[in-house]
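These notes are about the structure you will find just below.
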Amino acid sequence: MQTIHVADDVFVGGRRGVHAVAVDAGLIIAMGTYEEMAAARPQARVRRWPGLLTPGLRHPQAAALLEAAYHPDPREADRLGTEPLTGEALAALEMDEARWGASARRGLQRLLRHGVTAVCGPFTRPSVRTAVARSGLYVREPMGGAEREALTLDPFKGYPLNALLDRSLTVGGSADFAVFDVPVEGVTVDDVPADDVPARMLRLHGAGTCVATVLGGRLVYRRA
């Protein structure tokens with residue numbers, strides 16, 4: 001079934017006035033205004049999102065987040081908290097392959113909640129590698145400098161937007177994108193060119209504002 005995703009703005013390099021992306025069979029089949037999309041596809045399902053629709057993100061620190069950090073089970077929250085554990089806190093845990101695999105699956109879900117559709121490897125732990133393969137996320141080569149930044153689920157902390165976009169939104173390309181509930185309509189920032197405002201808003205508000213992640217046309221995360 002065809003789906004039209006509508007947002008306040010769509011991040012398409014050098015092109016303005018795009019507010020909707022039409023998807024069918026995992027591919028982007030059209031982009032433009034909602035009126036154009038709806039008129040051409042009256043039977044399509046419509047999903048409306050607040051904020052900015054961007055290409056899916058590539059997370060430079062994914063290997064460390066999944067293989068050098070433990071993502072607690074919600075049932076462990078009272079004892080371990082909810083944030084990824086590293087360093088001494090991680091060393092205090094009894095970790096085996098099964099526990100690493102379960103941690104990786106939770107970590108991958110958290111990455112999806114931050115608009116991530118691709119992860120930078122390599123992944124050396126067998127259980128983590130299996131979890132990544134089953135997630136459907138794309139695996140990319142390492143990005144330089146990732147090890148120098150503080151470990152974080154939010155890739156906007158420490159990296160420019162153009163280094164994080166995994167692939168451009170193009171008609172005929174795979175429907176891999178995310179939507180972030182950040183202000184974009186009518187927003188101006190002193191001394192910032194209009195075309196750079198979306199990137200500034202994303203960096204200011206963070207990837208935690210993600211309301212939806214689409215991978216291969218499938219809605220794999222939607223904020224409740």
Side-chain angles (χ1 to χ4, degrees), residues 4-21 23 28 31-34 47-62 64-65 83-84 107-120 137-138 140 142-146 148-170 173-216 218-224:
I4 300 172
H5 294 268
V6 187
D8 296 333
D9 199 3
V10 176
F11 192 89
V12 184
R15 184 177 172 187
R16 309 297 298 178
V18 177
H19 300 282
V21 175
V23 174
I28 295 173
M31 293 188 292
T33 66
Y34 167 67
R47 294 191 184 276
R48 295 184 178 274
W49 309 106
L52 178 66
L53 188 153
T54 78
L57 304 182
R58 176 194 312 125
H59 203 302
Q61 298 180 318
L65 279 168
E83 293 304 306
L108 289 162
Q109 288 299 314
R110 299 188 77 179
L111 290 174
L112 288 172
R113 294 200 295 269
H114 286 75
V116 172
T117 58
V119 290
C120 292
L137 274 73
Y138 302 100
R140 306 302 188 205
M143 284 176 59
R148 296 195 298 270
E149 300 291 340
L151 199 60
T152 175
L153 287 160
D154 186 346
F156 292 137
K157 295 180 179 179
Y159 298 91
L161 180 61
N162 60 3
L164 299 174
L165 301 180
D166 188 53
R167 59 177 73 186
S168 300
L169 299 176
T170 57
S174 183
D176 306 316
F177 51 83
V179 188
F180 300 91
D181 188 6
V182 297
V184 287
E185 285 192 310
V187 175
T188 59
V189 180
D190 291 344
D191 301 322
V192 177
D195 287 347
D196 294 339
V197 169
R200 179 64 67 88
M201 291 296 100
L202 289 170
R203 187 173 180 83
L204 177 64
H205 295 279
T209 59
C210 181
V211 294
T213 304
V214 174
L215 183 62
R218 296 180 299 113
L219 184 62
V220 292
Y221 166 68
R222 177 178 186 172
R223 189 170 70 187

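Starting from 1, each residue takes its place in the sequence as its number.
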Minimum heavy-atom distance [X]-[Y], with the two atoms named:
X: Ala207; Y: Pro155; value: CB-CD, 3.9 Å
X: Leu53; Y: Leu169; value: CD2-CD1, 3.6 Å
X: Thr213; Y: Leu112; value: OG1-O, 2.6 Å
X: Ala7; Y: Val179; value: CB-CG1, 4.5 Å
X: Thr209; Y: His205; value: CG2-O, 3.5 Å
X: Ala212; Y: Cys210; value: O-SG, 3.3 Å

_Go through it in stages, so that I can follow the logic: the residues are Arg223 and Arg113, the test is side chain to side chain contact (heavy atoms under 4.5 Å, CB included), and I'd like the CA-CA distance, side-chain angles, deciding distance and then a yes or no._
CA-CA 8 Å; Arg223 189 170 70 187; Arg113 294 200 295 269; over 6 Å; no
Heavy-atom distance under 4.5 Å between the side chains of [X] and [Y], does that happen here?
X: Leu57; Y: Phe156; answer: yes
X: Asp166; Y: Pro55; answer: no
X: Val116; Y: Leu137; answer: yes
X: Arg58; Y: Tyr159; answer: no
X: Met31; Y: His19; answer: no
X: Val21; Y: Ile4; answer: no
X: Val23; Y: Phe177; answer: yes
X: Leu65; Y: Leu153; answer: yes

Could you measure the distance from the [atom1] atom of [X] to the [atom2] atom of [Y]? Nearest 0.5 Å is fine.
X: Asp8; Y: Arg48; atom1: CG; atom2: CZ; result: 10.5 Å
X: Leu165; Y: Thr54; atom1: CG; atom2: OG1; result: 6.0 Å
X: Cys120; Y: Met143; atom1: SG; atom2: CE; result: 6.0 Å
X: His59; Y: Leu164; atom1: NE2; atom2: CG; result: 8.5 Å

*Taking Gln61 for its side chain and Ala150 for its backbone only, find out whether a donor-acceptor pair lies under 3.5 Å.*
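The answer is yes, because a donor-acceptor pair under 3.5 Å joins these two groups.
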_Main chain of Asp154, side chain of Thr152: is a donor-acceptor contact present, judged purely on distance under 3.5 Å?_
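Judged by distance alone, yes, a pair lies under 3.5 Å.
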*Which residue pairs satisfy the salt bridge (Lys or Arg N to Asp or Glu O under 4.0 Å) criterion with at least one member in residues 201-214, sequence neighbours excluded?*
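Residue pairs passing salt bridge (Lys or Arg N to Asp or Glu O under 4.0 Å), neighbours aside: none found.
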*I would like to know whether His5 and Val214 meet side chain to side chain contact (heavy atoms under 4.5 Å, CB included); could you show each step before the answer?*
CA-CA 10 Å; His5 294 268; Val214 174; 4.0 Å; yes
_CA sep, side-chain torsions, deciding dist, call: Phe180, Phe11, ring pair (Phe, Tyr, Trp, His ring centres under 6.0 Å)_ = CA-CA 11 Å; Phe180 300 91; Phe11 192 89; over 10 Å; no
*Under the side-chain hydrogen bond (donor to acceptor under 3.5 Å, both in side chains) test, residues paired with Tyr138 that sit two or more places apart*: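 Ser174, Asp176.
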